[in-house]
Amino acid sequence: MSKVNLRELLNKMTTKQKIAQLEQLAARYFTKNKTDITGPLRDLGLTEDELKIIGTNLGIGSVEDMIDVQNRHLDEDPNHIPMIFMSDIIHGFRTIYPIPLALGCSFDDQLVYECSRMAAREASVGGLQATFTPMVDCIRDARWGRVMESCGEDPYLNGIMGQAQVKGFQGDDISNPGNIAACVKHFAGYSAGEAGRDYNMAELSEHSLRQVHFPAYKACVDAGVKMVMPSFNVLNGVPSVANKWLVNGVLRNEWGFDGIVISDWDAVYELTQHGVAADLKEAALLAFENGCNIEMMSFSYISHLEELINEGKISVDRLDEYVMKVLEFKEELGLFDDPYHGASSEDSKKLFLCSEHREISRRAARESAVLLKNDNILPLDRKLKSIALIGPFANSDDINGAWSCAGRRNECVTVKEGIRNLLPEVDIKYAKGCESYLNDRNISGFEQAIVTAKSADAVILCLGEPSDYSGEERSRTELTLPGMQLELARAVIDANPNTAVVLFGGRPLELVELDSIAPAILHMWFPGTEGGNAVSELLFGVYSPCGKLSVSFPKKVGQCPIYYNYTNTGRPKSRYIDCDKFPQYFFGYGLSYNKFTYNSMILSSHTIDKNSSIKVSVEVTNEGCMSGKETVQLYLRDLVSSASRPVQELISFKKVNFEKGETKTVEFEITEPMLRFWNADNEFVSERGEFEISVGYADHMKFTEKFSLI
Ligand code: GLC
């Protein structure tokens, strides 16, 4: 515990100094070097003196800058209060691992925990003490660019992965260098923006919020997340940062969250744009009254809180309460004892991209990849004499994805480098074929690609969406492979049918056409720094793919929003005249080089009550050619209840490694709390009656058994 008496410190601060502790400013205002910004920059009208007393910093570009800025700040701030340096460490700091949407496909929360631990170590030594992660928005509409930041469409999986990130980043004590504070976002309903358009309004019933969108946030609050970030969007008429029911009501009073609420970039100012605040002063009042402790990049607080206090609209006590919360946060981070929290230029050079971290990144990339199709051409033979490596992603370093923090594209292992690393002797014939940009119609590279394809034993065709086609402000109205990539695939596969397609991207795309012509499709998402090595280890069978989709792939964009845990319609004929209602690939789907046979599912009982449980034993055999992992997924269906329930809901999963030929029994336990849901009266209850339990996924359930809650 620091020697600083926070109450004494607070009592000697002026009102302006107190208010400044509640402001967060982008690093660029403190450093001479340009740093990346993630939101609109306006002239903020801050004085030099105000700059000296700002409480927290966003997006510092280097450890050297952080140390320099912190030193100057400690010197110039009359109270010598250290700043907290925060940033978006979403899927890695310098060593980048797969985007969260891919991590969801790993169905491995321990792996996600390890990735987060690694990122926390690198970020901490790199000068950061807090990250705006995990994003646990439940996604259902691939038009939205930020689907890449979420671990998928399932509330339960999102919650498990969100908790793994919170625990991974925060460790057991955030004052220890190597641990940093986490922030769950974007609370709430941001992913339900109308028409998949970023920042758009969302209309969600309380039932839908509680049943689908809230559980993952609640899981992170229960895991001890230090911060919560309300979302930009209007939710049921009121922007989240001013939405009293949402923040003061649900988050603070119902869930008992007593940590820091931090607005999103400029979101307080944007209350004036949403038309719920006449001016910045009213915006400040709305956000402050709704429990927003730190205002990110809009400065309504420093401009108007003192006025509002003088007008009696805000109490000094409430201001002191918020400021004390920020000071206590800084103390919990140990910043009064070590304002650098272990930041070290020397240590960062040893830690960044070290072999241990590269191994974690590579493992995560392998485990997150999803084999969508394989007409027995994968794995490729490592004794091949020649490989045609074709496509815009065949030798591209654009494989980190959006939000890759301090990651550098030129530090990525490309597919071409990965194959060379694994097979130093093979003859790699490379042809780009075409670009991967929307509206690019150039096919001048096709001829070379065809010749190259014909000249090789096998073809690896690398296609996808550029990393700046997903992420913030990256909604699309179509989900096509950009440019002439599909045409390139037709030409190349026609030239050499022994072609495996490798996909890169940050959202589900329409792949019906590609699936009809490609003998094999391996989806790598944005795999990060070690992507190329992971691709080659999978394509050539060093490891078998084992990922399962964390998100549904629509056949057509017109099906969006689409998701697996839908409620039945009164008529099975609910479909389109030009398409059925099912996705091209289901949530939970993913192939392997092995064949996992589900031999049996046995229930210890077919009745359960509030004090008992049912053991579910699933016997699985790996009848394949190599060792490999299988994620055994357990789904529930509540057959009759007071509210219409989804046709299936993931309630548990276990990822299990099998040796070749090995049989294992995978056990689950069903308890009454797992059967609870939000009923029509918004009560979280279980109801007596019949349920179905299934193992498998979507429309490929291996076994289904009934049981009753009595
Ligand atoms: C952005 C994003 C948010 C991010 C914040 C800080 O606009 O909405 O996810 O954490 O600004 O960069």
Side-chain angles (χ1 to χ4, degrees), residues 23-30 34-42 44 54-61 83-93 99-101 119 123 128-139 144-151 162 165-166 169 180-193 197-200 202 216-217 220 225-235 239-241 260-271 273-274 287 292-299 401-407 468 470-475 506:
E23 297 288 23
Q24 177 163 102
L25 186 56
R28 63 184 290 135
Y29 289 92
F30 296 92
K34 180 186 175 331
T35 39
D36 280 349
I37 52 154
T38 61
L41 263 194
R42 291 177 291 107
L44 302 168
I54 293 289
T56 61
N57 183 303
L58 165 57
I60 197 80
M83 275 199 287
I84 304 175
F85 290 76
M86 304 190 187
S87 191
D88 296 280
I89 302 131
I90 309 295
H91 54 108
F93 182 69
I99 57 172
L101 190 58
L128 279 305
Q129 297 92 48
T131 178
F132 304 118
T133 311
M135 188 270 223
V136 297
D137 304 341
C138 214
I139 59 165
W144 191 45
R146 302 193 77 166
V147 297
M148 55 74 58
E149 287 179 67
S150 165
C151 287
Q165 294 174 79
V166 168
F169 278 109
I180 63 175
C183 174
V184 66
K185 66 185 185 183
H186 307 84
F187 189 58
Y190 186 20
S191 57
R197 185 154 49 87
D198 206 352
Y199 312 125
N200 206 4
Y217 296 107
C220 292
V225 72
K226 299 298 180 186
M227 297 192 284
V228 176
M229 182 188 292
S231 54
F232 285 122
N233 56 285
V234 168
L235 175 63
S240 297
V241 76
I260 295 278
V261 169
I262 181 168
S263 70
D264 204 336
W265 181 300
D266 214 20
V268 176
Y269 159 77
E270 289 171 11
L271 294 176
Q273 305 307 298
H274 287 301
C292 178
N293 307 118
I294 296 179
E295 178 187 19
M296 183 193 289
M297 279 302 289
S298 50
F299 305 101
W403 297 106
S404 50
C405 205
D468 61 359
S470 52
E472 187 169 356
E473 292 182 51
R474 294 293 185 274
S475 294

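Position 1 is the first residue of the sequence; numbering continues from there. Bear in mind the structure is a predicted one, so any value in this text is a computation, not a measurement. Ligands are counted one by one from 1 in listed order, and the atoms in each one are counted from 1 as well.
- Scanning all heavy atoms of the two residues, the minimum distance from Ala402 to Met148 falls at O-CE, 3.5 Å.
- Between the side chains of Glu295 and Tyr269, not a single donor N or O lies within less than 3.5 Å of an accepting N or O.
- Of the N or O atoms in Arg146, one or more lie within a sub-3.5 Å distance of an N or O in ligand 1.
- Using a 4.5 Å heavy-atom cutoff, the side chains of Val166 and Val184 are not in contact.
- Partners of Asn233 by side-chain hydrogen bond (donor to acceptor under 3.5 Å, both in side chains), not counting sequence neighbours, listed by chain and number: Ser231.
- Those atoms of ligand 1 with a heavy atom of His186 less than 4.0 angstrom away are 3 (C), 8 (O), 9 (O).
- Under 4.0 angstrom from ligand 1, there are no non-hydrogen atoms of Glu473.
- Gln129 is linked by a side-chain hydrogen bond (donor to acceptor under 3.5 Å, both in side chains) to nothing, counting only residues two or more places apart in sequence or in another chain.
- Numbered from 1 in the order shown, with element, the atoms of ligand 1 that lie under 4.0 Å from a heavy atom of Phe232 read 7 (O), 8 (O).
- Per-residue contacts place Lys185 under 4.0 angstrom from the following atoms of ligand 1 (heavy atoms of the residue considered): 3 (C), 4 (C), 9 (O), 10 (O).
- In this structure, Asp88 CG and Leu128 CG are separated by 9.5 Å, a value rounded to the nearest 0.5 Å.
- Ligand 1 has no N or O atom lying under 3.5 Å from any N or O atom of Tyr190, backbone or side chain.
- The shortest side-chain heavy-atom distance between Gln24 and Trp265 does not fall under the 4.5 Å cut-off.
- Residue-ligand proximity: Met229 is placed with a non-hydrogen atom under 4.0 Å from ligand 1.
- Residue Trp403 places no N or O, backbone or side chain, under 3.5 Å from any N or O of ligand 1.
- For the ligand labelled ligand 1, residue Met135 lies outside the 4.0 Å heavy-atom shell.
- Selection from Asp88, Asp198, Asp266, Leu58 by nearest heavy atom to atom 10 (O) of ligand 1 gives Asp88.
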